[in-house]
Amino acid sequence: MGLFSRKKTVFVDSDILVIGGGMAGCGATYESRYWGRDLKVVCVEKANIERSGAVAQGLYAINCYMGMQWDENQPEDHVRYARNDLMGLVREDLGYDIARHVDATVHKFEEWGLPIMKDPETGRYQREGKWQIMIHGESYKPIVAEAARKAADEVHNRIMVTHLLMDKTKPNRVAGAVGFNVRNGDFYVFRSKAVIVCAGGASHIYKPRAVGEGMGRTWYAPWSSASAYALPILAGAKMTQMENRIVLTRFKDGYGPVGAYFLHLKTYTENAYGEEYESRWYEHTKALVGDYVDRHPVPTCLRNHALLEELKAGGGPIRMVTKEAFQDPHKETVGWENFLGMTIGQAVVWASQNIDPKHTNPELTTSEPYVMGSHATCSGAWASGPSDYAPADYQWGYNRMMTVDGLFGAGDTIGGTAHKFSSGSFTEGRIAAKAAVNYVNDLGNDPPQVSEQEYQDLEKVVFQPLETYRVGRNEIVAGTVSPSYMLPMNGLQRLEKLMDEYVGGISAHYTTNEPLLTRGLELLGMLKEDLNYLGAEDLHQLQRAWELHHRVLASESVTQHTLFRTETRWPGYYYRADHPKLDDTDWHCFTLSRYDKNSGEWEMEKAPVYHIVD
Ligand SMILES: Cc1cc2nc3c(=O)[nH]c(=O)nc-3n(C[C@H](O)[C@H](O)[C@H](O)COP(=O)(O)OP(=O)(O)OC[C@H]3O[C@@H](n4cnc5c(N)ncnc54)[C@H](O)[C@@H]3O)c2cc1C
């Protein structure tokens with residue numbers, strides 16, 4: 001009798017299944033109810049939606065708000081901003097669609113109890129920067145989750161979704177998902193007419209700067225485990241811009257945010273000798289990317305680039321000049337509160353390293369790369385655009401539907417749409433949900449059907465690591481080392497080392513080339529073979545095993561895309577040493593991939609970038 005042989009199989013039927021109850025998932029759940037009054041709406045989350053996802057600890061600013069009620073910005077302005085920051089390549093239709101609706105989302109947050117700071121003179125929301133407004137956001141996630149909880153028929157917390165289910169009559173149509181309860185080991189079969197994937201981004205596919213017992217200290221949430229990409233990839237959905245992984249400049253060791261410091265406190269950076277260094281790298285950067293270096297604001301990746309070049313030239317450490325701003329008691333308070341609302345760890349790091357920013361300028365550093373679709377980066381699934389705005393090439397179905405029928409996405413899941421952040425992700429969840437409701441209503445008498453054989457086979461696959469461990473533990477040779485299984489942590493460290501060394505991580509100065517990428521793919525292939533021998537001691541480790549599966553597949557996608565794009569589009573995020581320059585003639589386009597799970601092959605293609613906004 002296996003350890004969990006008495007576990008149940010639980011069947012959950014729904015019209016709309018939302019996978020992941022973070023910002024986008026809560027938006028999708030809320031809006032599904034609004035448009036689908038009679039539909040059954042289910043949200044499934046591997047943690048607990050009360051405090052799950054990247055916003056778990058809270059935020060200090062909402063980074064995407066137009067302020068149309070005061071004529072501060074228009075949606076077109078935001079499209080121009082995101083396009084500029086991503087070196088020309090964004091899905092303008094999708095970005096515009098979010099920008100035109102995002103203010104209404106923020107107004108709902110306020111109505112639901114989120115305290116938004118006000119400018120005492122104008123009465124408007126307190127701006128941190130052109131797009132950011134300041135909030136007292138420690139309880140941001142519970143407030144948003146409450147709206148989703150009230151809207152859903154059922155919220156299933158603590159269920160890790162491992163695979164999507166496909167319709168047995170139409171191979172390119174989704175029919176649900178499977179997963180397991182991380183607390184009691186019950187197997188879950190979700191049968192649904194439409195599925196909205198909102199499972200966040202990916203950390204820990206590259207070796208982090210902090211290793212050993214500190215390895216959980218990353219900028220992006222350590223529990224963001226690439227399910228948002230792996231689930232659609234396995235279902236055959238096309239992905240886009242997976243090479244556009246992001247690197248962040250943050251306060252050293254605590255990854256504390258710098259936005260409020262730059263924008264609100266007006267702090268600035270200098271090199272080890274107190275010199276301004278960005279202008280020193282102007283000509284060098286111009287030779288690589290041309291006029292993009294003259295854009296305002298300077299694209300995020302290029303600001304990283306100047307910092308990295310200065311470090312390589314021996315000008316480090318780079319410091320944020322806080323001593324001047326912190327003489328103002330108000331600014332000093334804002335500086336500390338900025339961390340207390342979202343990254344308490346940074347305050348603790350400073351305390352432990354004797355850094356009082358009033359007297360010592362703290363160091364900055366660049367993070368390891370992450371894969372996301374909602375920040376200053378736009379990796380993710382290739383989605384159909386809004387019918388009133390998207391060019392014909394970007395429309396094959398319902399808004400935010402991927403290239404698989406009935407499969408929708410939002411937030412970090414969807415590619416091509418940078419700078420949506422928390423509010424834009426929630427908004428995109430709402431947009432996807434409205435379209436999914438229409439899709440379900442249009443299905444009529446042709447709902448998808450789940451194959452019993454498919455989920456029974458998947459059940460064996462999902463729990464195999466427990467069985468592998470049960471048998472293999474009798475052969476342990478030393479400590480935790482067994483000749484017949486690999487623990488999830490060992491597999492994760494192997495993945496991180498491989499991506500770091502071959503696909504442009506921190507120890508390679510974010511640099512790679514064709515031979516490195518080709519070898520990286522070979523090593524990833526070997527790692528994938530070995531994933532069949534993952535051993536899980538308990539349900540917690542089983543979750544780690546499936547998170548690793550998802551991370552490996554997303555990593556393979558990143559590597560394939562990086563190999564395909566033979567240019568360096570975003571210096572500061574990564575460098576193709578064999579193609580060091582930006583090449584607008586051949587690469588002013590999106591990269592698309594499709595994975596065939598039967599052959600293990602990736603099909604790559606280019607898609608046009610349409611500039612809809614002047
Ligand atoms: C450090 C940091 C600072 C940020 N600062 C700001 C800021 O100041 N302002 C701002 O507006 N935005 C900020 N953001 C961005 C914002 O947090 C994201 O844009 C937003 O959370 C993305 O929403 P999402 O729903 O795609 O992902 P998430 O909110 O991360 O939600 C994903 C959800 O999916 C669940 N999940 C994952 N895999 C599975 C699975 N297999 N099965 C079931 N559930 C699963 C997760 O547990 C999680 O709840 C910040 C992000 C980070 C990491």
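Fair warning: this is a prediction, and the values are worked out from it, not measured in the lab. In what follows, every heavy atom counts, from backbone to side chain, and hydrogens, waters and symmetry copies are set aside. Atoms within a ligand are numbered from 1 in the order they appear, just like the ligands themselves.
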task = Give the C-alpha distance, both sets of side-chain angles, the deciding distance and a yes or no for ring pair (Phe, Tyr, Trp, His ring centres under 6.0 Å) between Phe109 and His107.
result = CA-CA 5 Å; Phe109 292 162; His107 301 157; over 10 Å; no

query = Taking atom types as modelled and ignoring hydrogens, do the side chains of Thr366 and Tyr510 form a donor-acceptor contact shorter than 3.5 angstrom?
reply = yes

query = Can you find a pair of side-chain heavy atoms, one from Asp85 and one from Val90, that are under 4.5 Å apart?
reply = no

Pair Asp13 + Arg191: basic N to acidic O under 4.0 Å = yes

request  = Taking only heavy atoms of the protein into account, state which residues are under 4.0 angstrom from an atom of ligand 1, in chain and number order.
outcome  = Gly20, Gly21, Gly22, Met23, Ala24, Glu45, Lys46, Ser52, Gly53, Ala54, Val55, Leu59, Ala61, Ile62, Asn63, Ile159, Met160, Val161, Cys198, Ala199, Gly200, Trp219, Tyr220, Ser227, Ser374, Gly411, Asp412, Phe421, Ser422, Ser425

key: side-chain hydrogen bond (donor to acceptor under 3.5 Å, both in side chains): pairs with one or both residues in residues 375-386, sequence neighbours excluded   = Asn244-Thr377

inquiry  = Under a 3.5 Å cutoff, is there a donor and acceptor pairing between the side chains of Asn73 and Lys130?
reply    = yes

